[in-house]
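These notes concern the structure reproduced below.
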2 protein chains.
Amino acid sequence: MKELKYSRQRESIKDFLMTRKDHPTAEEVYLNVRKTFPNISLGTVYRNLSLLTSIGSIQKISCGDSCERFDASTDSHYHFICRKCGCVMDMDMPDLSFINTLADKSFCGEIEGSVTYFFGLCEKCSQEYVDKPESKR
Amino acid sequence: MKELKYSRQRESIKDFLMTRKDHPTAEEVYLNVRKTFPNISLGTVYRNLSLLTSIGSIQKISCGDSCERFDASTDSHYHFICRKCGCVMDMDMPDLSFINTLADKSFCGEIEGSVTYFFGLCEKCSQEYVDKPESKR
DNA sequence: ATACGTGCAAACGTTTTGCACATAC
DNA sequence: GTATGTGCAAAACGTTTGCACGTAT
């Protein structure tokens, strides 16, 4: 069994993620943590992000984007992805886990869970659509 | 506006996808289409897969896996991913689009749609769990 | 003292792209 | 004839890994 030792870098990565409500990519984490640890390497960031994910301390979000994103809040919640600006936001909405029961009814294996992403236009981007004349969209 | 010209390679890619109910990766498409066009390049496969996706002729499935998968059936349906063998299967289950309405109620932007993936054990893998003694799992 | 973490750089797997040639129209 | 498609190879991209050194315990 592998023992977990403290590291300032790991703490700093986790701390940074906790300050953010958007969902930074590994690169963004790297650029920010570098302000505190100028010599930290991208490899270390990846290693720690994946370690933190595996111990359930953070959550990895795979949203069909080219790269993974990370979220310090690990309680189950839903994400929205804006098709225009690409931002990823938390949704504040009721639990949907009953769809797993629904799925199970017509499925022969074993449903353990599900992931749902919503997409569309975020508040800011949908405002722009309303404000601008069609020609400028 | 870019004009779309016929190509035998593209047709062959689409045809191959239509014969498959699992959801091949670009690599798998490449290996199979190569039986008909031994000189086809992986680049051509990627170019055509992304072109077919953009005209809505096929569907791209991003399931947090390392690579994208492609599906010739473009009507909205749900996918299941086995956490053990990694297979991706279609779900035969009722429409869930009402969750978009549900999401919209507590959201400030504009919900255009959603993607849901179910995960767990497929029929085959869940059978193995039942058959084998715990020590062999 | 020793196991675990780090920085660095090289390697990896997937996908994209620049180019000259081939093909559809 | 011309715009679009292709094959090839190189590059880009995000991510992982091997190694020697550093640090926590």
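Throughout, a chain's letter reflects where its sequence line sits, starting with A, and its residues are numbered from 1.
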- Message: Base, sugar-phosphate or nothing for Glu68(B)? Non-hydrogen atoms, less than 4.0 Å.
- Response: sugar-phosphate
- Task: Rounded to the nearest angstrom, tell me the gap between atom CZ in Arg8(A) and atom P in dT6(C).
- Result: 10 Å
- Item | Nearest-angstrom distance from the residue atom CD of Glu27(A) to P of dT16(D) | 14 Å
- Task: Could you check how far CD of Glu3(B) sits from P of dT23(C), rounded to whole Å?
- Result: 18 Å
- Do any side-chain nitrogens or oxygens of Asn39(B) fall under 4.0 Å of OP1 or OP2 in dA22(C)? no
- Item | Distance test, side-chain N/O of Ser7(A) to OP1/OP2 of dT6(C), below 4.0 Å | yes
- Whole angstrom is fine here: how far is it from CZ in Phe37(A) over to P in dG22(D)? 17 Å
- Nucleotide dC4(C), atom C1' - distance to NZ of Lys5(A) in whole Å: 4 Å
- Can you find a side-chain donor-acceptor pair between Thr44(B) and Ser41(B) that sits under 3.5 Å? yes
- Item | Check: Tyr78(A) ring centroid to Tyr117(A) ring centroid under 6.0 Å | no
- Message: Please check: side-chain N/O of Asp104(A) versus main-chain N/O of Asn100(A), any donor-acceptor pairing under 3.5 Å?
- Response: no
- Item | Test item: side-chain donor near acceptor, His77(A) and Asp92(A), under 3.5 Å | no
- Heavy-atom nearest nucleotide on DNA chain D taken for Arg10(B) and for Pro38(B); more 5' hit belongs to Arg10(B)
- Side-chain N or O of Gln9(B) closer than 4.0 Å to phosphate OP1/OP2 of dT23(C): no
- Tyr46(A) vs dT16(D): side-chain N/O to OP1/OP2 distance below 4.0 Å: no
- Query: Atom CG of Leu52(B) to atom P of dT4(D): distance rounded to whole Å?
  - Reply: 17 Å
- Starting at the 5' end of DNA chain C, which residue's closest nucleotide do you reach first, Gly43(A) or Tyr6(A)? Tyr6(A)
- Task: Using the closest heavy atom to pick a nucleotide of DNA chain C for each, name whichever of Phe70(B) or Leu4(B) lands nearer the 5' end.
- Result: Phe70(B)
- Asp71(B) and side-chain hydrogen bond (donor to acceptor under 3.5 Å, both in side chains): which partner among His79(B), Lys21(B), Lys60(B)? His79(B)
- Query: Can you find an N or O donor on one side and an acceptor on the other, under 3.5 Å apart, linking the side chain of Lys2(A) with the base of dA3(C)?
  - Reply: no
- Task: For dT6(C), take OP1 and OP2 only and decide whether either is under 4.0 Å from a side-chain N or O of Arg47(A).
- Result: no
- Nearest-nucleotide pick for Leu51(A), side chain only, options being dG5(C), dT4(D), dT15(D): dG5(C)
- Task: Could you state the atom-to-atom distance from OH of Tyr30(A) to P of dC8(C) in whole Å?
- Result: 8 Å
- Among the nucleotides dC8(C), dT4(D), dT6(D), which one has an atom lying closest to any side-chain atom of Thr44(B)? dT6(D)
